[in-house]
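Step one of this worksheet: look at the structure below.
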Amino acid sequence: MRILVVEDDRTLGKAMSASLEHSGFAVDWVGGIADAQHMLGSEHFDAIVLDLGLPDGDGYAVVRALRQKGATLPVLILTARDAVEDRVQGLDLGADDYIVKPVAMAELQARLRALIRRSAGTGSARFSIGALTLDTAGRRAFLQEQPLDLSGREWGVLEYLATHARRIVSKEQLIQALTSLGQDLSENAIEAYVHRLRGKIEGSGTVIRTVRGLGYMLEQTDEPAH
Ligand code: CA
């Protein structure tokens, strides 16, 4: 999952980016509204962490622009402890949640995961598709309760496909979800991860189907698990 962090405080921006990367998110970090708009115009993100007090204006402008365009990606705003009005205004404008500074990194991660799940229509941090179970907080997958041995990238592909189960996910979407700007990941590499994942979940009744010319779809087949 890929996050855009918009924060002009270098210490906080760096700390949040490092913490999110450490927990498996792809992260791009910008320090102002103009850069944020530029990134949102050209890249795909799964959620935004948005500071309100920015050097070139207030963060509300970003939320407003997104919602006017009809973009539904989740926005988590950062506010000061006593700034009730900021939070109310942010939520009224279409932000999805807020987190109070100083930011507790574990809380930031948990709130982002919850927002991304909610926007994808997946309820809980642990969910199952057939015999396959994903624990998104622990970044682990299980097949009939047995833990699967997955690399970080394989987990990333599986998490994205499972969170968007029964929907078509393109290779480009997977690349965008797994990499920040400047990181390379080829379509061939995505194909290789999917190939390996298929081997690992074989026989589970859950399959990664190729939708010719469009991408992949993770779904449960009628075939009984054995
Ligand atoms: Ca600020």
Side-chain angles (χ1 to χ4, degrees), residues 1-120 125 136-137 139 152 156 159-160 163 173 175-183 185:
M1 301 290 175
R2 185 177 180 188
I3 310 293
L4 178 64
V5 172
V6 188
E7 169 60 72
D8 60 314
D9 178 323
R10 290 191 60 81
T11 309
L12 180 56
K14 206 177 213 173
M16 289 192 297
S17 303
S19 158
L20 291 173
E21 270 166 10
H22 184 72
S23 66
F25 290 101
V27 182
D28 290 278
W29 165 33
V30 295
I33 291 170
D35 288 344
Q37 308 283 36
H38 180 74
M39 287 294 269
L40 288 165
S42 57
E43 300 292 310
H44 173 84
F45 295 93
D46 298 294
I48 309 179
V49 178
L50 179 65
D51 183 35
L52 292 177
L54 294 162
D56 52 350
D58 70 48
Y60 300 127
V62 176
V63 187
R64 207 180 285 124
L66 275 174
R67 298 309 182 228
Q68 274 169 3
K69 274 191 291 187
T72 55
L73 87 160
V75 178
L76 176 69
I77 53 177
L78 299 172
T79 74
R81 185 163 296 280
D82 52 359
V84 177
E85 282 175 23
D86 285 358
R87 301 205 272 277
V88 171
Q89 193 179 346
L91 294 170
D92 278 346
L93 279 173
D96 299 272
D97 199 0
Y98 63 87
I99 191 164
V100 166
K101 293 184 187 181
V103 177
M105 295 304 162
E107 185 188 5
L108 174 69
Q109 293 169 19
R111 284 189 186 273
L112 281 173
R113 283 195 301 265
L115 285 178
I116 291 168
R117 285 200 308 271
R118 213 189 295 157
S119 79
T136 57
R139 294 175 57 73
E159 180 192 30
Y160 199 88
T163 304
Q173 260 175 291
I175 291 170
Q176 289 268 331
L178 294 175
T179 56
S180 51
L181 209 62
Q183 286 183 323
L185 187 63

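Basis for what follows: all heavy atoms, side chains included, without hydrogens, waters or symmetry-related copies. These numbers come from a predicted model, not from an experiment. Order of listing sets the numbers, starting from 1, for every ligand and every atom in it.
- With sequence neighbours excluded, no residue forms a salt bridge (Lys or Arg N to Asp or Glu O under 4.0 Å) with Asp46.
- The pair Asp86-Lys101 fails the salt-bridge criterion, with no side-chain N (NZ, NE, NH1 or NH2) lying under 4.0 Å from an Asp/Glu carboxylate O.
- Of the candidates Leu78, Thr79, Val49, Ile99 forms a side chain to side chain contact (heavy atoms under 4.5 Å, CB included) with just one, namely Leu78.
- The shortest non-hydrogen separation linking Ala177 to Ala26 is O-CB, 3.8 Å.
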Using distance only, find each side-chain donor-acceptor pair of residues 13-22 under 3.5 Å and give its atom names and separation, not counting sequence neighbours.
from	atom 1	to	atom 2	distance (Å)
Ser17	OG	Gly13	O	2.8
Ser19	OG	Gln109	NE2	2.8

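- Of all protein N/O/S atoms, those under 3.0 Å from the Ca ion (ligand 1) are Asp8 OD1, Asp51 OD2, Gly53 O, and waters are not counted.
- Residues satisfying the side chain to side chain donor-acceptor pair (under 3.5 Å) test with Glu107, not counting sequence neighbours, are Arg111.
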